[in-house]
Participant: 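Handing you a structure now.
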Amino acid sequence: MTTLPARKELPPAYEPATVESRIYRMWEERGYFQPRIDLEREPYCIIMPPPNVTGELHLGHGLEDAITDTLVRWHRMQGDPTLWLPGEDHAGIATQNVIERELAKEGIDRHDLGREAFVERVWMWVRKYRSRIADQHRQLGASADWTRNVFTLDPQIVKAVRTTFVNLHRDGLIYRGLRMINWCPRCETALSDLEVDYVEEAAKLYYIRYPMMGEGGMPLPDYVMVATTRPETMVADTGVAVNPADERYEEKIGRMLSLPIIGREIPVVADDAVKPEFGTGAVKVTPGHDPNDWEIGQRHNLEVIVAIDKQAVMNEEAGPYEGMPAEEAREAILRDLEDEGYLDHVEDYTHSVGHCSRCGTTVQPIPSEQWWVDVHKEYEPGRSLAGEAAKVVREGRITIVPQRFEKVYLNWMDNIRDWCISRQLWWGHQIPVWYCECGELTVATEDPESCPKCGGSSLRQDEDVLDTWFSSGLAPHADLGWPDETEDLRYFYPTSDMQMGYDIMFFWCARMIMFALYNMRERGPEGEVPFLTVLFHGLIRDANNDKMTKSRGNVVDPLVSAAQYGADAFRFAVLTGAAMGADQRYSDERLTSARNFADKLWNSARYVLLKLSVRTVQRPHPLDRESYALEDRWILSRLEQLQVDVDALLRGYQLNEAGRQIEEFLWNDFCDWYIEMSKVRLQAGDERPLAILAHVLDQGLRMLHPIMPFVTEELWQSLREHIEGETAPALIVAWYPKSGANWKDVAAEEAMSHVIEVNRAIRNLRAEKKVEAGTRLQVYLRAGSQAEALRTTSGATAFTSRVEPQVVSADAQLPAGEFAFARVGDTEIALLLPQVDVAAERARLEKELAEASAHMERLEKQLANEQFRSKAPAQVVEGMESTLAETRTKVEGLRERLGTLA
RNA sequence: GGGCGGUUAGCUCAGUUGGUUAGAGCGCGUCGUUCACACCGACGAGGUCACUGGUUCGAGUCCAGUACCGCCCACCA
């Protein structure tokens with residue numbers, strides 16, 4: 001043992017603010033977040049879901065950091081070359097909207113600036129927020145490798161995006177086509193199906209009569225009545241459809257109708273898509289403004305008329321309503337229809353209406369020329385984007401955790417439709433397609449100087465940008481360097497785990513899998529996948545279980561929580577707040593208890609360090625076990641069991657349960673029992689517990705470090721110098737405890753749990769008898785099989801339960817006096833009392849007897865069952881038999897007690 | 001219309017090969033300033049594990065159905 005210089009005492013409470021930034025700086029400056037590539041070792045790699053550069057991190061990011069950092073630190077501590085690769089997403093439409101709102105405050109819009117100046121303006125924002133976001137991750141303790149930080153518009157990613165686009169286009173998987181799309185009139189861009197949120201809205205169903213046309217263009221008194229929720233679209237109607245089997249309309253199929261107000265002649269067509277039972281069974285067909293009608297129109301060669309423009313204003317096709325906003329036009333048209341007697345009646349109706357997920361504006365379905373990814377076309381025989389992406393999960397080459405999301409993923413992937421990837425925005429990856437005056441279209445990774453066909457130099461690049469998810473969908477391979485064969489790509493790909501909220505499963509997870517299997521397919525079945533496992537975590541809701549949204553004003557800033565309770569407490573709270581994949585409620589109570597845990601840990605370490613003072617200790621060795629006290633063997637055995645359990649839990653991604661068990665061990669076993677018992681021996685001058693205290697604390701800190709990195713590192717920095725032979729310079733790079741199966745000691749665990757129960761029983765008797773807390777009482781322990789254990793721990797019992805214990809034989813005579821009795825296993829506890837309240841004692845004993853008898857009967861019944869005896873494992877039967885024996889003794893003892901009480 | 005999840009102590013949640021008297025935190029009650037910690041300690045009260053049926057020697061755990069809550073998907077004129 002060596003002697004250390006005197007050390008400054010730790011403050012009595014953990015103060016995160018004085019610790020966190022200093023510790024983080026130490027980690028980062030020493031380069032611990034950067035992996036050392038070692039071809040002899042299996043790497044561990046996670047790509048961070050890149051937060052949008054639109055602003056601050058929210059609780060979801062905080063949860064992600066907690067989950068990812070826990071896994072990352074755990075792997076790093078096992079010696080795996082570990083890379084957590086961070087990034088930020090340019091978030092095309094979201095960021096453009098934010099900047100547009102900024103401009104609006106200045107009274108201008110993006111068109112006033114022009115594209116180039118607008119984009120420069122966004123870059124200014126990006127530069128500011130990227131570093132802010134990185135700092136926020138740092139404050140939460142994220143041990144990501146910031147030297148590799150990737151932005152989704154970095155030149156490297158541009159290259160990956162263009163290469164992917166060019167290859168997909170070459171293989172015919174990207175095409176340009178006129179289709180019905182979701183159009184946001186506010187954002188003035190096309191949206192993919194996923195970017196539309198459907199909201200139930202109370203609306204009206206308008207019944208309108210369309211007169212039949214007679215010979216020679218004369219309207220007849222007969223008519224067909226249609227029902228519509230969008231009367232303003234009638235100006236673009238080019239047909240009316242009925243079900244071919246609908247007898248009511250049989251004769252009218254093929255006849256012509258006169259479109260009210262407009263006067264256009266439109267045909268009645270028969271189409272299976274029409275449900276006879278809905279409305280009148282006749283539907284007006286507006287191929288220009290409704291996806292279903294588009295389909296019907298295609299089948300019947302109906303003209304497509306677009307009467308509402310991209311700003312949701314009526315155009316020249318709308319005749320008298322030209323220039324009116326669509327909503328205004330609806331009112332005007334309804335008025336006119338009513339005036340002219342075409343409006344039959346109106347019904348209340350509830351239906352869901354699509355809204356832009358970014359700005360909330362009602363989306364307009366319109367036909368538009370856009371770029372698409374064909375997810376079904378085969379790029380190789382039998383291989384399509386969607387087909388491969390489903391297959392890889394079905395074959396288990398990618399594991400989804402929790403498993404139930406596998407079904408959700410596959411259901412979506414099996415029903416996926418082509419993906420609209422072009423956006424009429426200015427911010428994003430501009431589509432790498434150039435048009436020449438000669439009509440030639442060039443698709444290239446590098447900006448072409450001239451037209452490859454005519455040689456002309458007046459090329460015009462497609463003005464649209466790509467859906468944000470096109471670039472983030474490349475993350476796992478592009479972030480590592482693809483299409484270049486970089487060292488990172490060779491070593492870290494496929495990445496190990498991926499992690500995200502289940503709400504972006506389709507947006508992101510699905511796209512990453514599709515793209516990776518296409519771009520990386522040369523690597524073969526095992527090597528092409530973007531990640532081996534994907535974890536889906538749940539959403540964090542507020543204390544009332546409401547979704548956190550800006551409009552509700554219930555959004556919590558994780559950094560505010562971290563500042564208030566400590567980053568460790570924040571991490572522990574969100575990590576243990578729910579099982580993987582389950583939503584959780586966010587409450588101050590949970591944060592408070594996590595903070596309390598950090599403080600408890602802090603103080604337990606303070607105690608250990610105080611007792612160690614200037615001493616160093618050696619780690620306990622299993623060969624010396626026989627010389628250890630019972631509680632030493634017990635805590636070491638418990639520790640080893642914890643290591644086995646936590647290892648299994650972390651492997652199974654049950655981070656919440658792992659955290660809970662570590663807390664339980666440290667607080668209950670270590671603090672409440674081991675530390676308390678150590679006090680007696682230390683006070684008596686026995687220094688042997690010091691090594692155990694230091695070792696168990698050390699192991700506990702290691703195990704907890706991935707979840708609560710700051711407080712554990714800070715404490716360990718103080719502890720490490722007391723442990724001889726410790727070589728790790730910091731906890732973050734110290735070895736994670738692994739069970740060597742050397743300390744397991746079933747006898748010690750049984751003996752200690754008996755001792756603990758006896759102590760509890762003594763304290764219980766004291767409390768029930770309302771004995772003054774300070775009064776020391778005589779207690780006789782009529783002991784059976786655990787006499788030795790009770791004897792060796794009697795000093796601790798005396799100290800922690802405020803009694804003078806005497807361990808005597810089971811049949812020993814008690815001295816005269818009033819006693820309170822209790823039984824634990826085969827030990828009878830006799831507490832010598834100043835006086836006894838007979839009635840209260842009887843009531844207590846009777847209650848206990850009832851419980852014990854019930855338990856005994858259950859056991860007897862179970863054990864009497866021959867089926868059980870023959871089929872249940874011997875271990876279970878034996879365990880039950882010994883419990884029964886104990887329970888019988890207890891019941892007898894209680895009966896005897898009650899007898900003598902009379 | 002299809003699919004998924006939840007329903008366990010007053011509250012928030014654990015409980016992953018079915019196994020002896022179902023756990024934690026918070027809250028509640030009583031007691032406590034024993035030199036790590038009152039952001040603490042001791043003791044206690046509190047649950048027919050939504051309901052019904054089934055499988056099993058044994059079900060919170062597996063199966064079927066019901067109810068309520070929530071979510072996702074779908075071309076709901």
Side-chain angles (χ1 to χ4, degrees), chain A residues 10 12-14 180 198 205 226-230 241 273-275 278-280 282-286 290-295 349-352 365 404-405 407-408 411-412 415 502-503 505-506 539 543 545 565 576-579 581-585 587 589-590 592-611 648-649 652 654 656-657 660 663-664 671-672 675-676 679 683 760 763-768 770-774 799-802 851-852 854-855 858-859 862-863 865-873 875-877 879-884 887:
Chain A
L10 299 172
Y14 173 52
M180 208 63 176
Y198 288 89
L205 195 55
V226 300
T228 181
T229 54
R230 300 186 63 199
V274 181
K275 291 185 193 123
F278 188 93
T280 61
V283 56
K284 66 195 242 353
V285 181
T286 321
D290 184 278
N292 293 316
D293 294 3
W294 169 266
E295 301 289 331
Y349 185 64
T350 305
H351 66 150
S352 65
R404 67 171 185 274
F405 286 116
K407 227 172 167 176
V408 180
N411 181 54
W412 187 80
N415 296 294
Y502 60 73
D503 54 329
M505 177 190 295
F506 309 141
L539 274 31
N545 210 23
Y565 298 96
T576 58
D583 292 353
Q584 65 176 294
R585 296 187 199 200
S587 67
E589 285 74 23
R590 290 196 57 80
T592 302
S593 25
R595 189 269 319 269
N596 293 351
F597 174 43
D599 193 64
K600 183 74 181 177
L601 181 69
W602 179 264
N603 273 291
S604 68
R606 215 158 70 95
Y607 165 82
V608 173
L609 290 166
L610 184 81
K611 294 297 177 188
L649 289 167
Q654 291 176 260
N656 59 324
E657 185 63 10
R660 222 208 78 234
E663 179 191 27
E664 198 173 86
C671 290
D672 290 349
I675 284 185
E676 289 309 310
K679 288 175 181 174
Q683 209 143 22
R760 289 216 170 107
R763 296 170 194 174
N764 177 288
L765 288 178
R766 290 187 60 114
E768 281 183 350
K770 309 261 187 266
V771 177
E772 280 283 315
F799 175 69
T800 61
S801 299
R802 314 290 291 168
E851 281 170 9
H855 186 202
R858 268 197 301 278
L859 291 168
Q862 176 84 306
L863 284 165
N865 185 332
E866 275 313 310
Q867 297 264 43
F868 168 71
R869 285 189 165 279
S870 58
K871 291 185 181 174
Q875 211 183 345
V876 173
V877 177
M880 224 181 264
E881 275 170 344
S882 75
T883 307
L884 176 60
T887 312

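Proteins come first, then strands; the chains are lettered A, B, ... in the order of their sequence lines, and each starts at number 1.
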Participant: Test for a donor-acceptor pair under 3.5 Å between the base of rC37(B) and the side chain of K600(A), counting only N and O atoms.
Facilitator: yes

Participant: Describe the nucleic acid contact of R595(A) in one word from base, sugar-phosphate, nothing, applying a heavy-atom distance below 4.0 Å.
Facilitator: base

Participant: Choosing from rC13(B), rG41(B), rA14(B), which nucleotide comes nearest the side chain of A582(A)?
Facilitator: rA14(B)

Participant: Touch check for R869(A), heavy atoms < 4.0 angstrom, all strands: base, sugar-phosphate only, or nothing?
Facilitator: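 Counting heavy atoms under 4.0 Å across all strands, no contact is made by R869(A).
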
Participant: To the nearest Å, give me how far apart CZ (F799(A)) and P (rA36(B)) are.
Facilitator: 8 Å

Participant: rA42(B) P sits how many Å from N764(A) CG, rounded?
Facilitator: 14 Å

Participant: Which of the following nucleotides, rC4(B), rC13(B), rG41(B), is nearest to the side chain of R404(A)?
Facilitator: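 Of the options given, the side chain of R404(A) lies nearest rC4(B).
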
Participant: Rounded to whole Å, please give me the gap between CD in E772(A) and P in rU34(B).
Facilitator: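 Computing the E772(A):CD to rU34(B):P distance gives 14 Å.
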
Participant: Mind checking if V274(A) touches a base, just sugar-phosphate, or nothing, with heavy atoms under 4.0 Å?
Facilitator: base

Participant: Using purine N1 to pyrimidine N3 plus N6-O4 or O6-N4 for Watson-Crick, or N1-O2 and O6-N3 for G-U wobble, each under 3.5 Å, what pairs with rG47(B)?
Facilitator: none

Participant: Which part of the nucleic acid, if any, lies within reach of R858(A) when heavy atoms closer than 4.0 Å are counted: base, sugar-phosphate only, or nothing?
Facilitator: sugar-phosphate

Participant: Any base atoms under 4.0 Å from E866(A), or only sugar-phosphate, or nothing? Heavy atoms, all strands.
Facilitator: nothing

Participant: Using a cut-off of 4.0 Å on non-hydrogen atoms, how would the nucleic acid contact of A282(A) be classed: base, sugar-phosphate, or nothing?
Facilitator: base

Participant: Grab the CD-C1' distance between Q683(A) and rA36(B) for me, whole Å please.
Facilitator: 14 Å

Participant: For side-chain contact (heavy atoms from CB on, under 4.5 Å), just list the numbers for V283(A) and V226(A), CA-CA rounded to whole Å, side-chain angles, deciding distance to a tenth of an Å, and then say yes or no.
Facilitator: CA-CA 5 Å; V283(A) 56; V226(A) 300; 5.9 Å; no

Participant: NA contact type, L884(A), heavy-atom cut-off 4.0 Å: base, sugar-phosphate, or nothing?
Facilitator: nothing

Participant: If you check the R585(A) side chain, which of rG25(B), rC39(B), rU12(B) turns out closest?
Facilitator: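 Ranking rG25(B), rC39(B), rU12(B) by closest atom to the R585(A) side chain puts rU12(B) first.
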
Participant: Between E663(A) and R660(A), does at least one N-O distance fall below 4.0 Å, as a salt bridge requires?
Facilitator: no

Participant: When we call it a touch if two heavy atoms are under 4.0 Å apart, what does K275(A) touch: a base, just sugar-phosphate, or nothing?
Facilitator: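 The answer is base, as K275(A) lies within the cut-off (heavy atoms under 4.0 Å) of a base atom.
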
Participant: Nearest to the N411(A) side chain among rA36(B), rA14(B), rC73(B), which nucleotide is it?
Facilitator: rC73(B)

Participant: Starting from P on rA14(B), measure out to CG on L649(A) and report it in whole angstrom.
Facilitator: 14 Å

Participant: Between rC73(B), rG41(B), rA14(B), which nucleotide gets closest to the side-chain atoms of N656(A)?
Facilitator: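 Selected nucleotide: rA14(B).
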
Participant: Taking any heavy-atom pair under 4.0 Å as a contact, classify S593(A): base, sugar-phosphate, or nothing.
Facilitator: sugar-phosphate

Participant: Find the distance H855(A):NE2 to rG19(B):P and express it as a whole number of Å.
Facilitator: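 So the NE2-P distance, H855(A) to rG19(B), works out to 16 Å.
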
Participant: Which nucleotide in the set rC57(B), rA36(B), rC37(B) lies at the smallest distance from any side-chain heavy atom of Q867(A)?
Facilitator: rC57(B)

Participant: Between the base of rU16(B) and the side chain of E657(A), is there a donor-acceptor distance below 3.5 Å?
Facilitator: no

Participant: Which listed nucleotide (rC39(B), rU20(B), rC76(B)) is nearest to the side chain of Y349(A)?
Facilitator: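 Selected nucleotide (nearest to the side chain): rC76(B).
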
